[in-house]
There are 2 protein chains.
Amino acid sequence: MGRVTRVKDKPKRRVPRSVREREIVDAAVHVFSQRGYRAAVVDEIAELAGISKPMVYLYFTSKEGLFVACVRREARRLAETFREAAQRAGGSPELRLWAGLSAFFAFVAERRDSWVVLHRQAPEQSEAIAAELAEARRTVMAEVTALVASGISDSDGGDHLGEFEAEFVAHALVGAADAVTDWMERHPDSPPDGASLRLMNMVWIGMRDVLAGGTWAPQAP
Amino acid sequence: MGRVTRVKDKPKRRVPRSVREREIVDAAVHVFSQRGYRAAVVDEIAELAGISKPMVYLYFTSKEGLFVACVRREARRLAETFREAAQRAGGSPELRLWAGLSAFFAFVAERRDSWVVLHRQAPEQSEAIAAELAEARRTVMAEVTALVASGISDSDGGDHLGEFEAEFVAHALVGAADAVTDWMERHPDSPPDGASLRLMNMVWIGMRDVLAGGTWAPQAP
DNA sequence: CTCATACCTTACTCTCTGGTAAGTTTACTT
DNA sequence: AAGTAAACTTACCAGAGAGTAAGGTATGAG
């Protein structure tokens, strides 16, 4: 009725730039993760953010720029989540790794979109995107590798072979975690922590025994 | 010069449909894997296959149809490669799993494009594509799961808990293998079999000990 | 009240690309 | 040699979607 009171369907509120930017990135992460970079349509992102397309270009210059902003923010979030969880856990490396893994699963389960944007994009869209994705993945992997490495050096006495091995294990671990994510979707019955616990059981015990000399070779039993 | 002798630059040979179809799929797998489904351009695929665009549509009806054909062929190839390697290895489940894993790595290393098309595509492009990718992944996972399951039942005496567990392990394993693929690219020095051996060491020993009762729990050392 | 500024929109343009119409050429059969 | 079917092409259309021009409107400062 009134002219001052806004129609409730369309709040049409005007919002400061910093807030709107956040909303746009929120929307963009969702659409990018659902459709993929190329198939994502800027108009849809804008609508989801409650504004019109030119605003997106005013704030982010281009679709590519918007995507880069998404990747940067989500990578930072994930790395922080992981690091903080590990730090909070304190104590032994394996407890810290377990806390980190659990946090990772919680993140991927709760903020599926973020993970998809970070990890399941064809990086071959442009030079800038490839670079940003590489940097993002490097950041996340560095956190995981650090934890794994401390676990290894804890067991083998600071051998420098550890760094190399830790990188391998970290990659395998993150890949496994990512894949298990899919599996969890088809088994919503099993508890969320179950996955991280299972992985820890497999990987950690395996790793410990390997470091203790319990190797497996093709011709062994 | 001659009219009969073809110019060597452009053989322009006419080729039977079945052969041309194979060439088109070859080209398509390459371009799809490099650019992703949406960013891949049919003209480029056609040129790479040595023909013009309408031929692609004559043989495959649509871009979507072409992609489905790619996925179908590569999934079949990978599953066969895996199964045959395992069969050839014979013997104990772990030897078969190791042979399968090695074959998998060889496949991914040698035919990177195929794997990328199968596993790193956003399945949200269309209903048909999502269905085909799901089916393809199901096929591949079934092979791996079968091997893992036989390994588990070999150790625990045919418990039916195994099926559930095997699926988890198989997913984790394939995810790890996929991720390790990236790692291998940055470490071309380490032998190709090294990766599968490392994974076997981690996963198999871990799994064996877990089945033997050696669980890990948050509060344990 | 006015005015400056920051927020926001409608209504385009222009390129890229999936898909097709209409016809041409080769090679095999009879 | 003629006929015919399969292989192949050039040249086009139509829609989608990235990016922009030009201007409208709320809101806080003076």
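Sequence lines set the chain letters: A, B, ... in the order given, protein chains first and strands last, and positions in each chain run from 1. Computed from a predicted model, the values in this text were never measured in an experiment.
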Check whether the ring centres of [X] and [Y] lie less than 6.0 Å apart, and answer yes or no.
X: A:Phe107; Y: A:Trp115; answer: no
X: A:Phe82; Y: A:Phe104; answer: no
X: A:Phe168; Y: B:His187; answer: no

Rounding to an integer number of Å, can you tell me how far [X] [atom1] sits from [N] [atom2]?
X: B:Phe32; N: C:dT17; atom1: CZ; atom2: P; answer: 13 Å
X: B:Tyr57; N: C:dA22; atom1: OH; atom2: P; answer: 19 Å
X: B:Leu58; N: D:dA5; atom1: CG; atom2: P; answer: 16 Å

query = Taking five pairs at each end of the helix from C:dC1-D:dG30 to C:dT30-D:dA1, what angle separates the two helix axes (nearest 10°)?
reply = 0°
key: D:dG17 phosphate, OP1 or OP2, under 4.0 Å from B:Arg38 side-chain N/O   = yes
What contact category does [X] fall into here, base, sugar-phosphate, or nothing, at under 4.0 angstrom with non-hydrogen atoms?
X: A:Phe60; value: nothing
X: A:Ala39; value: nothing
X: B:Ala40; value: sugar-phosphate

For nucleotides 9-13 of chain C, tabulate all protein N/O to nucleotide N/O atom pairs closer than 3.5 Å, reporting atom names and distance.
{"from": "C:dT9", "atom 1": "OP2", "to": "A:Ser52", "atom 2": "N", "distance (Å)": "2.7"}
{"from": "C:dT9", "atom 1": "OP2", "to": "A:Ser52", "atom 2": "OG", "distance (Å)": "2.7"}

key: Pi-cation contact, B:Tyr37 with B:Lys63 (under 6.0 Å, within 45°)   = yes
ask   = Is A:Arg83 salt-bridged to A:Glu80, going by a charged N under 4.0 Å from an acidic O?
value = no
message = Against A:Glu132, only a single residue in A:Arg72, A:Arg76, A:Arg137 fulfils salt bridge (charged side-chain N to carboxylate O under 4.0 Å, His left out); can you say which?
response = A:Arg72
message = Between D:dT25 and A:Arg14, counting only base atoms on the nucleotide and side-chain atoms on the residue, is there a donor-acceptor pair under 3.5 Å?
response = yes
